[in-house]
> 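Below is a structure I'd like to ask you about.
Letters A, B, ... mirror the listed sequences (proteins, then strands); counts begin at 1. Not measured: the values here are computed from a predicted model.
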Amino acid sequence: MPELPEVETVRAGLARFVLDREVAAVSVDHPRAVRRHVPGAGDFTSRLIGRRILSAQRRGKYLWLPLDSGEAVLAHLGMSGQLLVQPSTAPAEKHLRVRLQFADSGPELRFVDQRTFGGLSVEPMVEVDGDVVPVSIAHIARDPLDPRFEPARFVTALRRKHTELKRALLDQSLISGIGNIYADEALWVARLHYARPTEKLAPARAREVLAAAIDVMTAALAAGGTSFDSLYVNVNGASGYFDRSLQAYGREDKPCGRCGTPIRREPFMNRSSYFCPHCQRRPSRAVLPL
DNA sequence: AAGATCGCCTGCAGGC
DNA sequence: TGCCTGCAGGCGATCT
């Protein structure tokens, strides 16, 4: 499941292949893949043809390719999305959704997505807080690997919230790029339970969980992104493998790497939370004085 | 109005 | 064997 490190791996890979190339033809093979492009598939196609790709950018789990029209192709990989660079002679993938062919007749760009949670759109840009981003992601916060990310601002915003810590880490409008896997890993490293109330979290503890998130995602990025099944494949067609270094996620009943206590899995937000019941103590219900 | 929940979507593992 | 259920889970829409 692509989170920030995996998306960054794709972005970096794409940058090598699509820069300064002119789009010559587009085919949309599944309408759901462009459902966020409100004017429809025809409009999506016409906004791309004849346009040149200027760069490859990313914020959190979103990546986009600015065009010489001033708009950008925005992509989200969802659960199972892949952006593949393939020779035009390569047979169509089973879940091929969108295909971009270039005027130079070189390798084409394919969006492949089994579960169709991901998608593409072409959008104008908007300035938000000193950055220029596609309009539909104006509400997405900077991610912690962004040079303009402000830790103190995150800590303040986190402690103003009245929710559980993991919910906040997954809130892309508070901090972006963190998904279920790296949230569990960061909480394990910081020895914090997922249900800790954000409003009672000491600033030092908030800084620790942020540092942990940065650490686990930086390490994953260095390793080329995490993958658990064959669905996520990076732009070169090779799966990233970082899962062997995961300490909590997916390790139900396996010993905690610190204390040996079996890792526990609990339902959380229609998914799972993995944590060490010894290192990550459930918060008490007691109301603390301000 | 912020916070919590729902529905989307496919493939596969596991139970009977 | 094949049907059924649960699970994977990000995110916009919709509730409270």
Side-chain angles (χ1 to χ4, degrees), chain A residues 1-8 10 28-38 58-64 74-83 92-98 111-121 123 133-141 143 156-187 194-201 213 217 220 225-233 239 243 246 248-253 263-275:
Chain A
M1 310 84 195
E3 299 181 27
L4 186 156
E6 293 78 18
V7 179
E8 173 57 23
V10 172
V28 176
D29 300 309
H30 196 304
R32 207 176 130 75
V34 295
R35 68 191 180 284
R36 289 187 199 158
H37 188 92
V38 179
R58 182 190 56 75
R59 170 173 285 198
K61 304 171 196 172
Y62 289 88
L63 71 85
W64 66 92
L74 178 67
H76 195 291
L77 302 179
M79 294 283 297
S80 53
Q82 303 166 230
L83 282 165
E93 291 77 6
K94 181 177 181 185
H95 302 293
L96 178 60
R97 308 304 188 195
V98 179
F111 180 66
V112 177
D113 189 12
Q114 180 204 103
R115 297 180 199 168
T116 70
F117 275 43
L120 306 180
S121 57
E123 308 184 1
V133 300
V135 284
S136 74
I137 66 162
H139 64 293
I140 300 295
D143 63 66
T156 301
L158 176 73
R159 298 181 68 246
R160 265 204 282 264
K161 285 198 157 288
H162 294 262
T163 189
E164 296 174 349
L165 178 54
K166 185 172 171 180
R167 290 178 185 273
L169 293 176
L170 295 174
D171 180 350
Q172 305 295 301
S173 67
L174 180 68
I175 181 172
S176 69
I178 302 174
N180 201 39
I181 298 169
Y182 296 116
D184 279 359
E185 292 303 298
L187 289 166
Y194 66 81
R196 284 286 290 260
T198 50
E199 70 273 20
K200 295 178 197 166
L201 200 65
M217 291 199 294
T226 303
S227 178
F228 300 96
D229 50 40
S230 59
L231 291 179
Y232 169 72
V233 181
S239 293
D243 48 303
L246 293 180
Y249 183 87
R251 300 194 70 248
E252 184 178 19
D253 296 333
I263 296 292
R264 189 171 295 169
R265 178 175 73 89
E266 289 184 1
F268 176 85
M269 290 173 74
N270 277 333
R271 61 199 73 172
S272 294
S273 254
Y274 297 88
F275 65 102

> Report the residues that fulfil ring pair (Phe, Tyr, Trp, His ring centres under 6.0 Å) with A:Phe275, sequence neighbours left out, ordered by chain and then residue number.
A:His193, A:Tyr194
> So do A:Tyr274 and A:Leu246 actually touch side chain to side chain, heavy atoms under 4.5 Å?
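No, their side chains stay 4.5 Å or more apart.
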> Do A:Ser272 and A:Arg265 have side-chain N/O donor and acceptor atoms under 3.5 Å apart?
yes
> Quick check for you: to the nearest 0.5 Å, what is the distance between A:Lys200 atom NZ and A:His162 atom NE2?
10.5 Å
> A:Arg32: what forms a side-chain contact (heavy atoms from CB on, under 4.5 Å) with it, not counting sequence neighbours?
A:His30, A:Arg35, A:Thr116, A:Phe117
> Say you draw a straight line from CD of A:Glu252 to CZ of A:Arg264; how long is it, rounded to the nearest 0.5 Å?
10.0 Å
> A:Glu3 has an atom CD; how far is it from atom C1' of C:dG10, in whole Å?
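To the nearest whole Å, that distance equals 10 Å.
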> Could you tell me, to 10°, how much the axis swings from one end of the helix from B:dA2-C:dT16 to B:dC16-C:dG2 to the other, five pairs per end?
50°
> Separation of A:Phe268 atom CZ from C:dA8 atom C1', in whole Å?
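My rounded result for the distance is 16 Å.
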> Using side-chain heavy atoms (C-beta onward) and a distance below 4.5 Å, is A:Thr163 in contact with A:Asp171?
no
> Using atom CE of A:Met269 as one end and atom P of C:dA8 as the other, report the distance to the nearest whole Å.
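Spelled out: CE on A:Met269 to P on C:dA8 is 14 Å.
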> A:Lys166 has an atom NZ; how far is it from atom P of B:dA4, in whole Å?
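It works out to 14 Å between those atoms.
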> How long is the line joining CG of A:Leu158 and C1' of B:dG3, in whole Å?
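Between C1' of B:dG3 and CG of A:Leu158: 14 Å.
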> Below the 4.0 Å mark, does B:dA2 have OP1 or OP2 next to a side-chain nitrogen or oxygen of A:Lys161?
no
> What integer distance in Å separates A:Ile181:CD1 from C:dA8:P?
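That distance rounds to 11 Å.
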> Do the charged groups of A:Lys166 and A:Asp184 touch, with an N to O distance under 4.0 Å?
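Salt bridge: yes.
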> I would like to know whether A:Arg58 and A:Asp143 meet side-chain contact (heavy atoms from CB on, under 4.5 Å); could you show each step before the answer?
CA-CA 9 Å; A:Arg58 182 190 56 75; A:Asp143 63 66; 3.0 Å; yes
> Any chance you could list the contact pattern along nucleotides 11-16 of chain C? Use B for base contacts, S for sugar-phosphate-only contacts and - for none, protein heavy atoms under 4.0 Å, 5' to 3'.
SS----
> Mind checking what makes side-chain contact (heavy atoms from CB on, under 4.5 Å) contact with A:Ser136, not counting sequence neighbours?
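Only A:Leu74, A:Glu123 meet the side-chain contact (heavy atoms from CB on, under 4.5 Å) criterion with A:Ser136.
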> Side-chain contact test, heavy atoms from C-beta onward, threshold under 4.5 Å: evaluate it for A:Gln172 versus A:Ile137 and give yes or no.
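Sidechains of A:Ile137 and A:Gln172: no contact.
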> For each nucleotide in nucleotides 6-11 of chain B, reading 5' to 3', give B when a protein heavy atom comes within less than 4.0 Å of its base, S when such contact involves only the sugar-phosphate, and - otherwise.
--BBBS
> Can you check the A:Asn180 CG to C:dC7 C1' distance for me, whole Å?
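Spelled out: CG on A:Asn180 to C1' on C:dC7 is 12 Å.
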